[in-house]
Every structure is written in structure tokens, then in C-alpha cells.
Amino acid sequence: MKAVSVALLLLALLVSGHKTEKSFENHKKKNVSKQEALNESQLLTMQDTFSSQAEDLARRKKNEERGHQLYKKSNKILKHSKSKKEKEEAYQLLTEAADMGHLKAMEKLAAALLFGYHGPQNITAAVTLYETLAEKGSHKGQTALGFMFSYGIGMEYNQAKALVYYTFGSLGGNLISQMILGYRYWVGINVPRNCEAALTNYRKVAYFIADKLEKNEEMPVEKVRLMEKSENLSSNNDFLDWDVHQYYKFLAERGDTQIQKAFYYFLKAAKAGNTHGMAFLGKMFLEGSVAVTQSNASAFKYFTMAAEKGNAVGLWGLGLLYFQGKGVPVLYRSVCELGSWSEKFLTAYFAYQDGNIDSSLIQYALLAEMGYEVAQSNSAYILESEQVKILSNDQMYPLALLLWNRAAAQGNAFARVKTGDYHFYGYGTKRDYVTAAIHYSLAVDHHIGQAMFNLAYMYEHGLGIPEDIHLAKRWYDLAAQTSPDASIPVFLARMKLEVKLLFSEMQLFKFTSSWKMSKLDTVLRPHWDLFALVVIVILLVLLIRNR
């Protein structure tokens, strides 16, 4: 029985083991099936993902190609068309290309919106586009944001942020940012003055421009001063060829024909790539003659072209310019100002003539930021006209004062007088007679009649400087001698002075009590001009009646 029981137990164990093994195998097969299903699902998911990515990539590539085609078509229309309707169509194509993410189209469209090219300005849309471009690493976007922060156009006025964006733009290779930084370091605008840093930035731009000039790809343009209200901007003078213009101009004048011929043949040789022609043209520009106006910028251009090809005269010329202190960094700056961006002087002027004041202002303001003195004066002139809509009223006069001051620092005597006026009347700053007198005194060194008259007035009334009637008379006389237009105002002022002197010397005043004298002086002092004018008119009437 025991043997049977053991046998049965062993049989049961064998059957149980077999079932367990079979169950394990079944479970294993189920797990393998599940894993295979999972792997297949993951594979399908990955295939779907790759397929989706491929479709996105193909779609993006198609959009890029489409955007590029639209951009090219837009450029072609803008380049060859003068029709307003066709230009509007071109900008519509540009907008479509920008919507597709085409970087250059976005940059061009943003510039059109900011400056008001071929359509209405939209500063808000321009800011949005430029912010997107800056995030994408566009140096044009970074430079534009720096410019807008610098003037408070479309965003807060913040010089620190402007400097940051200009720095990023410069590092990205933007020539306008480099020129702006060159000017800022040269003058010391929101940065310490640093000639080396100014030279580094100007040099980068100058070499690029010199290369363009060598290929005749850049031509200087006429810079019209709005204060002079020039109405006769001839189309023949819009673009002035840098060399040929001077040759034909002086060829028509009397002078040494041998020098004229030399200039002509050196010019031909230089354009043909001859280094001797380049070097001797540099020498002619450096020295000046009846055939060519003296120009350090032109001398630098041709000496550099010759020196880069190993010409000894070119190297000598560059060395001479540096020795004379004309190469650090003013000379480079002169070359930089010949860049294609100077064409904005024309578009800004014509925008002003057409009444597009905001468009004109922004174009002049960008040129002013780059250091062009004429643009600084024109921007200030537009701001104080109070016709600008893109800036708030409290921004106008402080910005105008800033620009007049920068123009004055570059030798513009009219801007120096304006700076004095702003301090005298308290426009955009606190009234400060002492500072006003300083600016008028600096302008007097340039023989400006208005400055002399203003200084005389301040001496007459003791505003910011000690009262001195005799000095006042002297400055009034000098103003009349310097400027014929000042004759009548000086005559009236002198008559007023004579009346004042007469009253002060009358015996009656000696016997008048001190309190009465003080009271009379207090009453009349603010109205001496009007009082004297009344006296003069009465005297003239009496003279006419008694004739």
C-alpha cells in the first residue's frame, strides 16, 4: 500500500509539474505576444512621428522656397517699378513672405513699417517684427531695437538697453551698429570716451566702404539742411560721383591743365587696378589742387587701396596720415559716412517735402545716431516744429536739445546758438542763464551775429553774467557789423540803451528817494524793451510832424 501511495504521489507530482511547465510556457508565450504587440505599437508610433516630422520638414522647406520666391519677386518689382500700385503689390508679396518666416523679408518689411517706405508707418507692428527678429539672432533686428530704445520710439527711452542691443548688433556684423558704437566711443555718449574702441568700430566699417568705393558701388549724396529750406534740389545733384564729378567740375574751371590731365589719367589707372595710379591719386587728394579738392577721406581711400597691394607710396601716405593724427579715428569716420545708408538723406528730405514728417524724422534720427551732424540738426529742427506724432510732447524738446548739443559739439555754430536758446528759455531743461551765456560765447567765436546780439542783451540785463552797459553796446555794434540783418534790432536795442543811460544820468534821479528809485526800477526792468520802443515811436512821430 505504501509503495502504491508513493507511486501515486510521484505520478501526481509529475502530472502537476507537467501542467506547471505547460502553464509557464503558455504565460511566456502570452508575454512574448504582448511585448511583440508593444514593440509593434511603438514602431508604428515612431513611424508616425518620423512621418509627421518629415512632413513638417517638407512643409517648412516648401514654405522657405515659396517665401524666397516671393521675396525675390518683391525685390524685382521694387527695383524696376515706379508705379505706386506695383510697389503696394510688392509689399503685399513681402508681407506673405514674412508670414512664411523668411528672415530677409521680415527685416525688409519691418524697415518699411518703421520708416514708412511706400506706405503708412506702423511703429507697433515694426516693434513686434523687430523683437521676433532679435530673438532669431538678426543683427538688423537688434540694431533697430537699439535705435528705438535710444529715442524712445515705440518703447521706453532707455540708453542702457540701446547700448546692449547695439553691442549685440555689432558682434553680429551689423555695420550701422558698428558705426553708432564708433561715434559713441569717440564722443563719449553713455560710455567712457575711448579712441581705441572708436577706431576699432570705425575701421571695420571703413574697410567695407573703401572696398565698395573701389568697385564704384557707393556714391555720396547731397545732404540738405532743412533750416536753409532749400527748394532747388536738382535731380542731377542727388547722387554725386565721388571722383568723376570732381574731375568734370574742375575741368570746366580755369587752372593748370597739366594737373587736370594728371588727375584724369591717374583716375583711369586706379580704376584699371594700377597701384601707382591709386597711390598718386591719394597724394593729389591729400595735398589738394586746382584739379581736386583736398580730402583726407579720399586720400585715405586711395592710399589704402594701394597699400593693400604692397605699393610703397600707398604705405607712405597712410603713415603720413596717421602721423598727422588724421587717422585716429576721424579719417575712418569720414570714409564710413560714404556708406549706402547716406541715401536716407534723400528719402528723408523728400518725405519732409511731401509732408511725411514722422517718416522724415525717423530716417534723419537714425543718421543722427550714426553721427551725421546734418542729420542731428535736421532731426532737432523737425522735433521743435511740433508736427511729430510718434513721440509725446514731453519728449520733443529734451530730444531736440540733445541733438542740437551733439551738432554743436561737431562745430555747427547755428546749433550752438540754439543750445544757448534752449537754456535761456528753459526748453527741454531748466532755465540756466549761465549755461546759455557760455554757449553764446562759444558761438561768437564763429562770428555769428545772433549770438553777439543775445550776449549783448544778457550783458545789458545782467542775466548769467555781470551787468555791463558798455559791453552790451560793444556787442550790439559787433552784431550789426557781422550781420546786416541785425541792423534794425540793434538800432532799437541801442536806442533803448541810450534812453536807459539818459534816465540813469538825469539829475532828477539823484534827488529821488531810494525807495522810489527801487520801485521804478522794479516796475520798468521787465518791460524796458516795450518802454523804449514806445519812446522811440513817439520821437519818430514828433520828428515826422515837425518836418
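All residue numbers in this chain count up from 1 along the given sequence.
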- Query: Taking atom types as modelled, is there a side-chain donor on Gln159 or Arg184 under 3.5 Å from an acceptor on the other?
  - Reply: yes
- Between Ser340 and Glu343, is any side-chain donor less than 3.5 angstrom from a side-chain acceptor? no
- Quick check: does any side chain N or O of Arg416 sit under 3.5 Å from a backbone N or O of His439, one acting as donor and the other as acceptor? no
- Query: Does Asn174 reach the main-chain N or O of Thr143 with its side chain, forming a donor-acceptor pair under 3.5 Å?
  - Reply: no
- May I ask you to decide if Tyr183's main-chain N or O and Tyr202's side chain share a donor-acceptor pair within less than 3.5 Å? yes
- Query: With a 3.5 Å cut-off and no angle check, do the side chains of Tyr397 and Glu386 form a donor-acceptor pair?
  - Reply: yes
- Item | Check: Thr482 side chain, Gly449 main-chain N or O, donor-acceptor pair, under 3.5 Å | no
- Query: Under 3.5 Å, is there a donor-acceptor pair linking the side chains of Ser359 and Asn356?
  - Reply: no
- Query: What distance do Leu399 atom CG and Ile153 atom CD1 have between them, rounded to the nearest 0.5 Å?
  - Reply: 8.0 Å
- Neighbour count above 12 (heavy atom, 6.0 Å) for His447 NE2: no
- Pair Tyr427, Trp404: side-chain N/O donor-acceptor within cut-off below 3.5 Å: no
- Message: Between Glu384 and Tyr422, does the side-chain hydrogen bond (donor to acceptor under 3.5 Å, both in side chains) criterion hold? Intermediate values first, please.
- Response: CA-CA 11 Å; Glu384 70 176 24; Tyr422 274 55; 2.5 Å; yes
- Item | Contacts of Glu156 that satisfy salt bridge (Lys or Arg N to Asp or Glu O under 4.0 Å) - sequence neighbours left out | Lys161
- Item | Phe168 atom CZ, over 12 foreign heavy atoms within 6.0 Å | no
- Polar contact flag, side-chain donor to acceptor under 3.5 angstrom, Gln363-Thr347: yes
- Task: Ignoring hydrogens and angles, tell me if any N or O in the side chain of Ser138 forms a donor-acceptor pair with the backbone of Ala134 under 3.5 Å.
- Result: no
- Message: Under 6.0 Å between ring centres: does that hold for Tyr165 and Phe149?
- Response: yes
- Query: Looking only at side chains, do Gln376 and Gln410 share a donor and an acceptor under 3.5 Å apart?
  - Reply: yes
- Query: Cut-off 3.5 Å, side chains only: do Tyr91 and Glu96 have a donor facing an acceptor?
  - Reply: no
- Item | Distance-only polar pair, side chains of Asn454 and Gln450, donor-acceptor under 3.5 Å | yes
- Query: Is the backbone of Ile382 close enough, under 3.5 Å, to the side chain of Ser385 for a donor and an acceptor to pair up by distance?
  - Reply: yes
- Centroid-centroid under 6.0 Å between Phe147 and Tyr151 rings: yes
- Item | Listed partners of Tyr185 passing ring-ring contact (aromatic ring centres under 6.0 Å, His included), at least two apart | none
- Message: For a quick check under 3.5 Å, do Lys418 and Asn412 share a side-chain donor-acceptor pair by atom type?
- Response: no
- Task: Compute whether any side-chain donor of one residue and acceptor of the other, for Ser377 and Glu373, lie under 3.5 angstrom apart.
- Result: yes
- Would Glu337 and Ser342 count as having a side-chain donor-acceptor pair, cut-off 3.5 Å? no
- Query: Any side-chain donor-acceptor pair under 3.5 Å between Asn378 and Tyr352?
  - Reply: no
- Message: I'd like to know if the side chain of Gln121 and the backbone of Leu114 have a donor-acceptor N/O pair within less than 3.5 Å.
- Response: yes
